[in-house]
Amino acid sequence: MPETLHEHALFDGRPAFGGIHELSADVAAHTHDFVEIAVIGPGRGRHLTSRGERRLRHGEVIVLRPGAWHAFTGCVELTVANCCISTQALRAEFAPLRDIPMFRRLLWTDPVAAGAHGVHVASVGPAAATEAIAAITDMNLTGRTPGRMLGRLVTVLGVLADARDARERRSRSGERGSGQWRSAGGAYGSAGGEGCVHPAVAGCIARIEAEPARPWRLDDFAQAVSLDPAYLGRLFRRSVGLSPLDFLARVRAEHAAALLTRTQLSVARIGATVGWPDPTYFARRFRTLSGLTPSEYRRRSVESSVGSPAHGSHRNTRDDRHPIGPGDPLRPADPADLGG
C-alpha cells in the first residue's frame, strides 16, 4: 500500500507549511489527508497519478485533494516546492479563502470537477513558479503565528492564481502561451462561477463535509437553508460548478480514495463507510469520478508504490526546523519501505 501522510503527524500544530526539494531520486506513491500544492521548478522528471504518467514541465503547478495518490519517477535535479494546507484549517481559520473566486477555483472547484480525479495541473510559467517557490520558502519563517501564516499562504496562492489567469487571458486573445488547466488526460478549463459564495451554498458545503455518509437529498439541503430546491441547485452550481449531489459524490470519492490507499478494508466496507452501501453502485460511481474501479484504483496505487526504486541523491532546502523524515511528502523511495 502507498504511504499515507497525515496532517496530525506532519503539521506540528500549524495550519500550513512549505518545503523546497531537489529530487534526483524517485518518490514512491503516497497519498495524504491534506491539500498539497506542488510547484515545479527546473529539472526533469515524470509524475504518476491514477490517470497515468506524464512529463513534468518547469512552471507547472499540481494541486492534489485529500485521498489522491501520486508519485515521481525519473527525476534529475528536479526542483519541487510543496505548499501543504490543513483540511481542518480550510474549514476553520482558512475558510474565508473559499469566498475569493480565484482561490476557490484553485483549491476546490477545479480539483473536484468532473474528470479531475482529485488532481489538477496548471501552467503558470517559469517566472511565476520561481516567485511562488520563493514565497513557499518564506512560509516557514512565520512560526506558529496564524495571521502571518495566512498572509504567506495568500501570497503563494495569489502568485499562482494571478499567473494562471493571465496566461488564460493571453490564450483566449490568441497570444502565445497555454493558459488552460491540464491533467494527465488533456486540457480543460474551470467550471466554477464568480463572486462570493452564497451563505446557503456555504451551509450546504459545511453539512456535506461534516456528514458525507449521510443519505442526503436535495430537499434536505433546501430545507436546511430555507430555499427552494431548484433555486438552491442553481446557486450551488453557479458557485461550485457542480450540483449539491454531484459535490457530495466528489467528497465521498475523496474519502473512499483515502481509505482504499491507506487501509485494508474491503471495497464493500469502504463503500458503505462513505455513504454508498450498494457495492455495485459504489463501484460505478467511483469509476465515474476517478476513472478507475475501486479495486483498480487500489491495485494501481500499490503497483506504483512498489515500482519506485530509490536512486541518486536528494537535497532538501526546507527550513532546518523541518528536516526530511519518514512522513515527508517528497521523501525519496526507500528500498526498506518497498520490501526491497
Side-chain angles (χ1 to χ4, degrees), residues 2-3 5 10 17-32 35-64 68-84 106 119-140 155-157 159-160 163-164 167 176-185 187 304-305 307-320 322-325 327-335 337-338:
E3 182 177 18
L5 309 180
L10 289 176
F17 71 88
I20 315 298
H21 312 271
E22 185 176 289
L23 302 178
S24 287
D26 289 358
V27 176
H30 58 280
T31 185
H32 35 71
V35 173
E36 177 182 337
I37 300 173
V39 181
I40 307 302
R44 300 199 307 274
R46 300 188 70 82
H47 190 232
L48 289 76
T49 70
S50 63
R51 300 192 66 181
E53 181 178 340
R54 64 188 299 279
R55 182 170 65 89
L56 292 166
R57 295 174 175 82
H58 185 190
E60 289 185 333
V61 178
I62 305 167
V63 182
L64 299 109
W69 67 266
H70 69 140
F72 293 86
T73 187
C75 300
V76 179
E77 298 182 350
L78 176 67
T79 299
V80 180
N82 273 41
C83 176
C84 302
L106 183 68
V119 181
H120 221 55
V121 182
S123 176
V124 300
T130 299
E131 185 179 357
I133 289 171
I136 290 172
T137 302
D138 290 342
M139 286 183 66
N140 288 334
T155 297
V156 173
L157 298 178
V159 169
L160 298 177
R164 174 206 60 197
R167 289 175 73 86
R176 183 180 178 181
S178 174
Q180 291 284 9
W181 285 74
R182 298 183 183 271
S183 72
S304 295
S305 179
S308 300
H311 63 81
S313 62
H314 177 272
R315 177 173 61 85
N316 174 44
T317 59
R318 189 168 63 191
D319 191 299
D320 289 339
H322 309 290
I324 289 286
D328 193 278
L330 288 186
R331 180 172 59 96
D334 188 326
D337 294 339
L338 307 177

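Residue Leu64 holds its CG atom at 7.5 Å from NE2 of His30, rounded to the nearest 0.5 Å. Note that CD1 of Ile136 is 11.0 Å distant from OG1 of Thr155, once rounded to the nearest 0.5 Å.
The two atoms that bring Ala163 and Ala128 nearest to each other are CB-CB, 3.4 Å, heavy atoms only. Residues Ala68 and Val119 share a closest heavy-atom pair of CB-CG2, 3.7 Å. Considering all non-hydrogen atoms of both residues, Ala38 and Val80 come closest at CB-CG1, 4.0 Å. Taking every heavy atom of both residues into account, Ile40 and His58 meet most closely at O-CD2, 3.4 Å. Taking both residues in full, the closest heavy atoms of Glu77 and Ser24 are given as N-OG, 2.9 Å, listed atom of the first, atom of the second, then distance. Nearest heavy atom pair, residue Ala129 against residue Gly59, reads CB-CA, 3.8 Å.
For the pair His21 and Val27, the minimum side-chain heavy-atom distance is 4.5 Å or more. Side-chain contact between Ile62 and Leu56 is present, with heavy atoms from C-beta onward closer than 4.5 Å.
Screening Val156, Leu160, Asn82 for a side-chain contact (heavy atoms from CB on, under 4.5 Å) involving Ile37 leaves a single residue, Leu160.
Between the Arg164 side chain and the Ala122 main chain, no donor and acceptor come within less than 3.5 Å of each other. Not one N or O on the side chain of Thr73 forms a donor-acceptor pair closer than 3.5 Å with the backbone of Asp26.
Within a 6.0 Å sphere centred on CZ of Arg46, heavy atoms belonging to other residues, nucleotides or ligands number more than 12.
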Begin with the C-alpha distance, continue with both residues' side-chain angles, and end with the deciding distance and a verdict on side chain to side chain contact (heavy atoms under 4.5 Å, CB included) for Glu36 and Leu5. CA-CA 11 Å; Glu36 177 182 337; Leu5 309 180; 5.7 Å; no
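Ring geometry for Phe72 against His70 counts as perpendicular: the plane angle is over 60°, on a 0 to 90° scale with 30° as the lower cut.
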